[in-house]
Protein chains: 2
Amino acid sequence: MEALDPLDYKILEILQVNNMASQREIGNTIGLSAPAVQRRIVRMREMGVIKKDIAVLDPEHLGQLITIVVQVEMETDKVELVTKTKRKFEQTPQVQQCYYVTGEADFILIMVVHNMKEYETLTHELFFNNPGIQRFKSSICMDIVKSGLSLPVPKSDK
Amino acid sequence: MEALDPLDYKILEILQVNNMASQREIGNTIGLSAPAVQRRIVRMREMGVIKKDIAVLDPEHLGQLITIVVQVEMETDKVELVTKTKRKFEQTPQVQQCYYVTGEADFILIMVVHNMKEYETLTHELFFNNPGIQRFKSSICMDIVKSGLSLPVPKSDK
DNA sequence: TTTTAAAATGAAACAAACTTGCACAAATCA
DNA sequence: TGATTTGTGCAAGTTTGTTTCATTTTAAAA
């Protein structure tokens with residue numbers, strides 16, 4: 001399947017900020033007809049460039065949610081244990097994001113819970129019950145300064 | 001303005017995963033007509049419960065992107081300096097997310113760059129040039145195990 | 001350079017989704 | 001009980017998304 005061209009990148013830049021923009025609207029912006037825009041979007045969805053389309057909710061409106069950043073250290077000796085741990089994190093709804101990283105910690109987790117009791121229960125389920133995990137450090141989030149999943153799209157300046 | 005009811009929560013649960021679901025489709029799922037669904041969605045947008053609607057892109061398809069988790073320590077003495085720093089982080093496109101947290105580090109940043117040269121330049125701009133910042137630790141991401149912005153929506157089981 | 005085939009485009013027709021107006025039903029409150 | 005507010009479904013109207021098809025562009029081959 002083909003690569004992306006500058007027009008595709010322009011479309012991605014728009015959709016990444018607002019995927020409710022109409023095809024005609026996008027077309028006018030980048031100088032293309034609505035059907036042309038639509039075909040490119042369909043193709044990028046099939047390719048997997050566009051993974052999903054979601055509504056972003058405001059935590060403030062969903063009760064008192066607590067965001068916690070967790071640094072997890074584990075014995076990275078056993079590959080299988082790491083894989084299994086990844087899967088466990090993936091499947092846990094309260095784990096919003098999970099990064100496998102270099103450095104002191106092996107995992108960085110962004111977790112969202114309703115209260116500390118829920119978090120305590122989760123730490124048992126995720127960390128204490130996992131023999132591979134040596135240590136974890138929790139940082140309570142006081143302010144979500146910036147939130148998003150925007151990626152830098154290659155320059156589309158011809 | 002009114003609070004949210006179980007039907008609203010059900011709508012949010014759906015849109016949070018796929019905001020391209022049609023009103024009719026949502027209506028069938030939760031037992032409501034399309035217009036009813038539409039009015040609820042409009043209201044939740046106005047309320048700010050739904051902050052934005054975005055397409056999520058796959059980093060794999062956008063060149064070799066590098067994700068870095070950064071822990072930043074700063075003198076939190078001066079409130080004004082913290083505020084200014086927050087604003088700086090917000091405005092930097094490569095900063096995908098920024099959390100102001102308790103614990104050793106004061107900020108946790110999720111950054112995405114095209115290469116290490118770009119990152120190095122950014123560290124100067126963001127950290128070395130900021131007199132309030134004492135230390136920062138970078139962890140290179142080897143695997144994005146889980147990515148998303150989903151929030152736990154209050155149980156809608158009557 | 002010319003020729004040819006593949007790919008992408010725009011206009012128009014079409015289908016589907018969203019939006020609005022309106023009458024009705026349920027819940028709230030006096 | 002009666003009045004008001006709120007929310008609903010239906011139907012009509014409007015805007016979007018989708019498909020078709022002839023044409024243009026692109027790129028490769030001759």
Side-chain angles (χ1 to χ4, degrees), chain A residues 1-58 60-63 149-150 153-158, chain B residues 1-58 60-63 149-150 153-158:
Chain A
M1 210 169 250
E2 283 284 320
L4 304 177
D5 67 14
L7 286 174
D8 289 320
Y9 289 136
K10 283 186 186 171
I11 292 173
L12 291 178
E13 268 182 5
I14 295 171
L15 293 183
Q16 175 169 238
V17 174
N18 172 28
N19 75 350
M20 306 273 284
S22 72
Q23 298 171 355
R24 187 172 44 75
E25 198 175 337
I26 297 171
N28 287 339
T29 305
I30 70 175
L32 225 52
S33 68
V37 171
Q38 121 101 329
R39 283 183 286 252
R40 283 166 178 268
I41 293 176
V42 168
R43 189 172 69 100
M44 290 193 286
R45 270 195 237 284
E46 288 169 349
M47 289 174 66
V49 179
I50 299 175
K51 275 202 296 189
K52 49 183 178 174
D53 295 87
I54 63 170
V56 178
L57 311 185
D58 183 359
E60 303 292 324
H61 285 83
L62 296 175
L149 295 175
S150 290
V153 172
K155 289 282 184 304
S156 44
D157 48 12
K158 236 275 300 321
Chain B
M1 211 170 247
E2 282 285 321
L4 304 177
D5 67 15
L7 287 175
D8 290 319
Y9 289 136
K10 282 186 187 172
I11 293 173
L12 291 178
E13 269 182 5
I14 294 172
L15 293 182
Q16 175 168 239
V17 173
N18 171 28
N19 76 350
M20 305 273 285
S22 72
Q23 297 170 356
R24 187 171 45 75
E25 199 175 337
I26 298 172
N28 287 340
T29 304
I30 69 174
L32 224 53
S33 69
V37 172
Q38 122 99 338
R39 283 183 283 253
R40 282 166 178 268
I41 293 176
V42 168
R43 189 173 69 101
M44 290 193 285
R45 270 195 236 284
E46 288 169 350
M47 288 174 67
V49 179
I50 298 174
K51 274 202 297 190
K52 50 183 178 175
D53 295 88
I54 63 170
V56 178
L57 310 185
D58 182 0
E60 302 292 324
H61 285 83
L62 296 175
L149 295 175
S150 289
V153 171
K155 289 280 184 306
S156 44
D157 48 13
K158 238 277 298 323

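In what follows, every chain begins at residue 1, and chains take the letters A, B, ... in the order their sequences are listed.
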Point to revise | Residue mapping more 5' on DNA chain D - nearest nucleotide basis, B:Ala34 or A:Ala34 | key: B:Ala34
Point to revise | Reported CD1-to-CZ distance for the pair B:Ile50 and B:Arg43, which is rounded to 0.5 angstrom | key: 10.5 Å
Exercise for review: Measure the OG-CZ distance between A:Ser33 and A:Arg39 for me, rounded to the nearest 0.5 Å.
Suggested key: 6.0 Å
**Study point:** d(CD1, B:Ile11; P, D:dT8) in whole Å
**Key:** 9 Å
Point to revise | Separation between CG of A:Leu32 and CD of A:Gln23, rounded to the nearest 0.5 Å | key: 11.0 Å
Review point. Are the side chain of A:Asp8 and the backbone of A:Asp5 linked by a donor-acceptor contact shorter than 3.5 Å?
Key: yes
Check your understanding: What's the spacing between A:Leu57 CG and B:Leu15 CG if we round to 0.5 Å?
Key -> 8.0 Å
Exercise for review: Check B:Asp58 against A:Gly48 and note the closest heavy-atom contact, atom names and distance.
Suggested key: CB-O, 3.3 Å
Dump every N/O contact between nucleotides 19-26 of chain D and the protein below 3.5 Å, one line per pair.
none

Revision key, fill the gap. One would report the end-axis bend of the helix from C:dT1-D:dA30 to C:dA30-D:dT1, five pairs per end and rounded to 10 degrees, as 30°
Point to revise | Donor-acceptor under 3.5 Å (A:His61 side chain, B:Leu4 main chain) | key: no
**Study point:** Rounded interatomic separation in angstrom, taking CG from B:Leu7 and P from D:dG7
**Key:** 12 Å
Review point. Between residues 14-28 of chain B and DNA chain C, which residues have a heavy-atom gap below 4.0 Å?
Key: B:Ser22, B:Gln23, B:Arg24
Practice item. Grab the CG-P distance between A:Asp8 and C:dA7 for me, whole Å please. Key: 16 Å
**Study point:** Distance (rounded to the nearest 0.5 Å) between A:Ile41 CD1 and A:Leu12 CG
**Key:** 9.0 Å
Point to revise | Rounded distance in Å - CG (A:Leu32) to C1' (C:dG10) | key: 9 Å
Review point. Atom CE in B:Met20, atom CE in A:Met20: separation rounded to 0.5 Å?
Key: 9.0 Å
Point to revise | Note, A:Ile54 side chain near B:Gln16 side chain (heavy atom, < 4.5 Å) | key: no
**Study point:** Pair B:Asn19-A:Asp53, side-chain donor/acceptor within less than 3.5 Å
**Key:** no
Review point. What integer distance in Å separates B:Arg40:CZ from C:dC18:P?
Key: 16 Å
